[in-house]
Amino acid sequence: MVVLQDVNKHFGDLHVLKDINLTVHEGEVVVVIGPSGSGKSTLCRAINRLEPIESGTITIAGEQLPEEGKALAALRADVGMVFQSFNLFSHKTILENVSLGPTKVRKAKPAAAKARAMELLERVGVEHQAEKYPAQLSGGQQQRVAIARSLAMEPQVMLFDEPTSALDPEMINEVLDVMTQLAKSGMTMVVVTHEMGFARRAADRVVFMSDGAIVEENTPEEFFTNPQSSRAKDFLSKILAH
Ligand SMILES: Nc1ncnc2c1ncn2[C@@H]1O[C@H](COP(=O)(O)OP(=O)(O)O)[C@@H](O)[C@H]1O
Ligand SMILES: [Mg+2]
């Protein structure tokens, strides 16, 4: 579903993505972990073409990412992305936030888009907040709305970049639960997270990045119990110690 081949990118002198090769199959959930600054967000942004790459190829569902124009807009709509910050439209209701993309980009009929938006809000458990504005919701609720908004575009792949990092601790699980359900439903997902419980529970594969490179790739079970590289061992000892 997502194939990266020999992808390279620099920010000035910094080699931020080094010969990245990664294949995510349909229905697969890949969790990307690694120290801060290792290139995880840049990788997500490259998959969505928010960040140009210098060499290599990225294909989504067999199609190479176009450089720009309409084809790029269409492909981007196939890739849902949920960030750390929710980025909901503050002056629109929750329901409008979720139904807007389908009507504007997918040319859905307003009534159909609204009905579908309500279904999705139910799925993420915030249907009673439909007529409220984002600021009236908790962070966990807002992030669940952000997930619903992405799903409304019927993406083929969902990217999550540290979706729970900005949340108060008591709200993390409600978001991870929605993501776990989504994973079970067969969605193809790439998830950058420090939530090791989620990785163990939901990931088919863990990819460990360090200094712009994929250092290790394994099943969660193998990765957590038997990391191979010294960098992964070091990272896990720090993150599992607290
Ligand atoms: N727009 C940018 N310009 C210059 N350097 C950047 C930019 N975005 C990220 N970087 C640098 O690239 C490296 C990788 O960043 P990032 O992909 O955000 O890492 P991660 O998400 O793993 O923390 C970091 O050293 C960061 O400072
Ligand atoms: Mg990041």
Side-chain angles (χ1 to χ4, degrees), residues 2-24 29-58 60 65 67-68 72 76 79-88 139-140 142-143 146-147 150 157-169 171-172 175-176 179 189-199 202-203 205-218 220 223-224 227-242:
V2 183
V3 182
L4 289 86
Q5 279 177 316
D6 301 320
V7 170
N8 280 280
K9 177 174 181 71
H10 291 77
F11 285 123
D13 288 340
L14 180 71
H15 197 173
V16 63
L17 296 179
K18 298 177 182 163
D19 289 321
I20 300 290
N21 287 287
L22 177 67
T23 298
V24 184
V29 178
V30 171
V31 164
V32 180
I33 68 173
S36 177
S38 55
K40 305 179 301 295
S41 293
T42 307
L43 178 75
C44 283
R45 293 169 57 79
I47 292 174
N48 214 8
R49 262 281 190 267
L50 293 168
E51 205 66 82
I53 57 172
E54 286 142 16
S55 64
T57 57
I58 302 177
I60 309 280
L65 283 186
E67 292 293 335
E68 54 198 18
L72 175 58
R76 226 180 237 155
V79 183
M81 186 145 176
V82 176
F83 304 87
Q84 184 174 329
S85 54
F86 327 120
N87 295 318
L88 297 175
Q142 288 186 56
Q143 192 62 306
I147 293 171
S150 276
V157 185
M158 286 281 289
L159 306 178
F160 293 86
D161 189 1
E162 300 201 26
T164 60
S165 299
L167 297 177
D168 291 333
M171 293 170 188
I172 290 176
V175 173
L176 293 178
M179 292 167 60
M189 293 164 64
V190 176
V191 183
V192 178
T193 185
H194 295 299
E195 294 297 329
M196 299 300 137
F198 172 81
R205 195 148 45 104
V206 172
V207 167
F208 176 71
M209 277 185 84
S210 178
D211 293 324
I214 293 179
V215 176
E216 215 167 310
E217 251 184 273
N218 221 327
F223 179 77
F224 289 115
Q228 300 295 309
S229 63
S230 56
R231 279 185 284 185
K233 285 177 192 166
D234 184 52
F235 176 75
L236 285 175
S237 71
K238 281 180 187 141
I239 203 159
L240 299 176
H242 60 76

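Sequential numbering from 1 along the given sequence is applied to the chain's residues. Counting convention: from 1, in listed order, for ligands and their atoms alike.
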Whether the side chain of Ser150 engages the backbone of Ile147 through a donor-acceptor N/O pair (distance < 3.5 Å, no angle test) should be reported.
no
Sub-4.0 Å atoms of ligand 1 with respect to non-hydrogen atoms of Ser38
19 (O), 20 (P), 22 (O)
Distances under 2.8 Å only: what protein N/O/S atoms are near the Mg ion (ligand 2), ordered by chain and residue?
Ser41 OG
With a cut-off of 4.0 Å, which atoms of ligand 1 are near a heavy atom of Val16?
12 (O), 13 (C), 14 (C)
Of all the non-hydrogen atoms in the protein, which one sits nearest to atom 12 (O) of ligand 1, and at what distance?
Leu14 CD2, 3.3 Å
Just need the protein heavy atom nearest to atom 15 (O) of ligand 1, so name the residue and atom and give the distance.
Thr42 OG1, 3.9 Å
Students should be able to answer this: which protein heavy-atom is nearest to atom 23 (O) of ligand 1, and at what distance?
Gly37 N, 2.7 Å
Using modelled atom types only, decide if a donor and an acceptor are shared between the side chain of Glu54 and the backbone of His10 within a distance under 3.5 Å.
yes
Verify, without hydrogens or angle tests, whether Lys40 (side chain) and Val32 (backbone) share a donor-acceptor contact under 3.5 angstrom.
no
Can you find a heavy atom in the side chain of Thr42 that is under 4.5 Å from one in the side chain of Phe11?
yes
Write out the residue and atom name of the closest protein heavy atom to atom 22 (O) of ligand 1, then the distance separating them to 0.1 Å.
Lys40 NZ, 2.8 Å
How far is atom 19 (O) of ligand 1 from its nearest protein heavy atom, and which residue and atom is that?
Gly39 N, 3.2 Å
Please report which non-hydrogen protein atom sits nearest to atom 18 (O) of ligand 1, along with the residue it belongs to and the distance in Å to one decimal place.
Ser41 CB, 3.6 Å
Between the main-chain N or O of Phe83 and the side-chain N or O of Gln143, is there a donor-acceptor pair closer than 3.5 Å?
yes
Is Glu216 reaching over with its side chain to a backbone N or O of Ser229, donor-acceptor style, under 3.5 angstrom?
yes
For the side chain of Asn21 and the backbone of Asp6, is there at least one donor-acceptor N/O pair under 3.5 Å apart?
yes
Nearest non-hydrogen protein atom, atom 3 (N) of ligand 1:
Phe11 CD2, 3.5 Å
Would a 4.5 Å heavy-atom cut-off, applied to side chains only, mark Asn218 and Val206 as touching?
no
Any non-hydrogen protein atom less than 4.0 Å away from atom 8 (N) of ligand 1:
yes
Rounded to the nearest 0.5 Å, the CG atom of Leu22 sits from the CD atom of Glu217 at a distance of 6.0 Å
Taking N or O atoms only and a 3.5 Å limit, does Glu51 qualify as a polar contact for ligand 1?
no
Nearest-0.5 Å distance that lies between atom CD1 in Ile214 and atom CG in Leu43:
6.5 Å
Does even one non-hydrogen atom of Pro35 get within less than 4.0 Å of ligand 1?
yes
Only distances under 3.5 Å count here; give the side-chain donor-acceptor pairs of residues 189-196 to other protein atoms, sequence neighbours excluded, each with its distance to 0.1 Å.
{"residue": "Thr193", "atom": "OG1", "partner": "Glu195", "partner atom": "N", "Å": "2.9"}

